[in-house]
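Okay, structure first, notes after.
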Amino acid sequence: METGMISVDRWSEGSQAYFLTHLHADHTSGLTPTWKWGPLFCSRLTAKLFPMKFPGFKLSLLKILDLGNWYSLSLVSPSSGLPTAVQVMAIDANHCPGAVMYLFRGEFGSMLYTGDFRWEKRSQRAQIARTMLLNALKNEKLDTLHLDNTYCHPSYSFPSRNAAARQVANIIHSHPNHDIVIGIDSLGKEDLLFYISRLLKMKIWVWPERLQTMHLLGFLDNFTTKTSLTRVRAIPRYSFNMETLQALNTMRPTIGIMPSGLPWAAKYCKTKGNIFGPSPSTCSKKMTNGDLVFERYDEYTYSVPYSDHSCFFEIKEFVELLQPSNIKGIVSSSECFIEPQYYFGHFCGKKHDSRKLYHKFCDEEGDERFKGVRIQSPSKVNCNMSQRKRRKKEAGISSSRVNRVSLLRRMRRGIKIADADNESIPEKLHFFSV
DNA sequence: GCGATCAGGT
DNA sequence: CACACCTGATCGC
């Protein structure tokens, strides 16, 4: 598709229609309450959560796309100046609440943008999404797949979220006299918390803004902001650290559980031989409990492979199902980034030389790129920090400005709670003139 | 003075 | 490893 038509999760000026896949901060960078380049298309649930994240945003810019419907947009081709129609369908991405993929079709052919997605074949939601996708495509070939390639490497292997949730429950069961803290973000992992809450027949503490989110999502009874009611608390991931856990343990015995796909990235660069082989065991403290395996970091912290992104095998199944003509990775910032074409080119029925490129990459840099990162970054950090401190000292900057900025940010978060209001959501539309 | 953005950390 | 999001510094109006 030519540029100047649509943007997905990109918010700079110059497109005729903007699409938001979900509300995580790394997909809304550039979007502010004063943003005005709309219209902005998103799922119904994202629209419901939107005012909390962007209070004061002009809600008439939001256009809701219900799942599984085709919507038609009248755009203008920037090159010819002629009108051109683009059809779009939103499909459940099974990532965080409200997250969708977008299937587009028009003169350019067909294009699927997954955003962040989890493709758990056995989950009912993924099966519905699968049916929607296949019905929408009928027998047409998908021309371009923009793919969530976060874990697009065979070493990224982790279980379903249901299995990971059972691991969390298992850890909690084996600590009947401990307080539990679980690290979460502003959106996502609600099903995990809900599952634990039902299983333990216990409310889970969340911070006030998160409770507001839970209520918007329809969880009315399982969460609380009263600490006295429960021994299980979900806390922001940024405050989940060793210091916090040590402090908590001075008051009550407490363990931390971090649900994340990340620690399960096998350090394949350390292994010898076949990178397609099974994920190597990387943890010396792996513990078993029944038939479940979990990872213990230190005396307080457990890590559980609960991921809202697809593992490698799920990405493979997804690409195999769709067999697109072209694949592009959405995530490209990774040190470890490898074009999905390398693994899945054979599903695309196209000749390509990415395999050759990959080998070149490995041969030239191999383990060194990882060693380089490990060795260089601490010294670089130290250098930057000392430079920064020196500059600050030289400039004689007091901390009053900084404290004020931080305070304002915190106040705004508080105001968001008070202002949160989901009344004025626009009506469903099937045709949009842009 | 203030919002926007970047860098750096976890 | 790299997710999602924080804080603090700096930029530019």
Side-chain angles (χ1 to χ4, degrees), chain A residues 9 11-12 22-35 53 56 95-96 99 115-116 118 148-158 183-189 207 209-210 235-245 256 258-271 279-280 282-283 295 297 301 303 305-310 312 329-338 367 369-374 377-395 397-413:
Chain A
D9 295 343
W11 309 105
S12 48
H22 65 288
L23 276 169
H24 279 155
D26 53 335
H27 292 255
T28 58
S29 149
L31 198 53
T32 66
T34 56
W35 185 86
K53 192 122 182 167
H95 176 63
C96 67
D116 291 349
R118 178 106 202 225
D148 172 14
N149 56 318
T150 307
Y151 294 127
C152 189
H153 187 282
S155 64
Y156 290 110
S157 161
F158 37 77
I184 59 166
D185 293 310
S186 63
L187 198 58
K189 316 262 197 288
W207 62 100
E209 190 176 11
R210 200 55 160 95
I235 64 171
R237 200 169 54 168
Y238 61 84
S239 59
F240 184 107
N241 53 39
M242 198 55 191
E243 209 180 324
T244 304
L245 278 165
M258 179 54 76
S260 167
L262 279 172
W264 298 80
K267 285 102 183 164
Y268 79 94
C269 53
K270 281 187 182 167
T271 65
S279 167
T282 55
C283 185
E295 188 166 344
Y297 263 34
T301 316
S303 167
Y306 190 102
S307 171
D308 284 330
H309 292 271
S310 300
F312 179 78
I330 291 169
V331 184
S332 58
S333 60
S334 160
E335 287 273 340
C336 218
F337 176 67
I338 295 157
D367 294 353
R369 66 207 161 100
F370 288 94
K371 285 181 195 156
V373 169
R374 290 207 192 89
S377 63
S379 63
K380 198 176 138 204
V381 166
N382 289 342
C383 170
N384 286 347
M385 279 177 76
S386 57
Q387 271 178 1
R388 196 194 284 181
K389 275 179 192 161
R390 195 162 56 237
R391 271 202 303 271
K392 196 172 167 177
K393 202 179 168 186
E394 282 163 5
I397 298 168
S398 78
S399 59
S400 63
R401 155 83 180 160
V402 165
N403 290 343
R404 197 183 55 79
V405 170
S406 293
L407 191 67
L408 281 171
R409 277 204 276 238
R410 280 179 209 129
M411 276 173 63
R412 256 199 305 268
R413 281 207 296 278

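Numbered from 1 within each chain, the chains take letters A, B, ... in sequence-line order. Being a predicted model, the structure only gives us computed values, none of them experimental.
Look at NZ on A:K53: it is 11 Å from P on C:dA4, rounded to the nearest Å. One atom, CD of A:E243, and another, P of C:dT7, lie 15 Å apart when rounded to the nearest Å. Distance A:W35 CH2 to B:dG3 C1': 18 Å, rounded to the nearest Å. Rounded to whole Å, atom P of C:dC5 lies 17 Å from atom CZ of A:F240. The distance between atom CG of A:D185 and atom P of C:dA4, rounded to the nearest whole Å, is 7 Å. When the P atom of C:dC3 is taken as reference, atom CG of A:D116 falls 8 Å away, rounded to whole Å. Distance CG (A:N149) to C1' (C:dA2): 12 Å, rounded to an integer number of Å. Per the geometry, CG belonging to A:L187 stands 10 Å off P belonging to C:dA4, to the nearest Å.
When the nucleotides C:dC5, C:dC3, B:dT10 are ranked by their closest atom to the side chain of A:R237, C:dC3 comes out on top. Distances from the side chain of A:Y156 to the nucleotides B:dA4, C:dA4, C:dA2 place C:dA2 closest.
Using a 4.0 Å cut-off, some side-chain N or O of A:T34 falls inside it from OP1 or OP2 of B:dA4. Taking 4.0 angstrom as the limit, A:H309 places none of its side-chain polar atoms (N or O) nearer than this to OP1 or OP2 of C:dA2. Contact check, A:H95 against C:dA4: a side-chain N or O comes under 4.0 Å of OP1 or OP2. Contact annotation: A:S186 reaches the phosphate of C:dC5 (side-chain N/O to OP1 or OP2, under 4.0 Å).
The minimum heavy-atom distance between A:K53 and A:S186, with the atom names listed, is NZ-OG, 3.9 Å. The shortest heavy-atom contact between A:K189 and A:I184 is CB-CG2, 4.1 Å.
With 3.5 Å as the limit, one finds a donor-acceptor pair spanning the side chains of A:D148 and A:H309.
Within 4.0 Å (heavy atoms only), A:T150 reaches sugar-phosphate atoms of the nucleic acid but no base atom. A:H27 comes within 4.0 angstrom of nothing in the nucleic acid, heavy atoms only.
Ring geometry, A:Y151 versus A:Y156: the interplanar angle falls from 30° to 60°, so the pair is classed tilted. Note on ring orientation: taking the six-membered ring where Trp is involved, the planes of A:H22 and A:H27 are tilted (angle from 30° to 60°).
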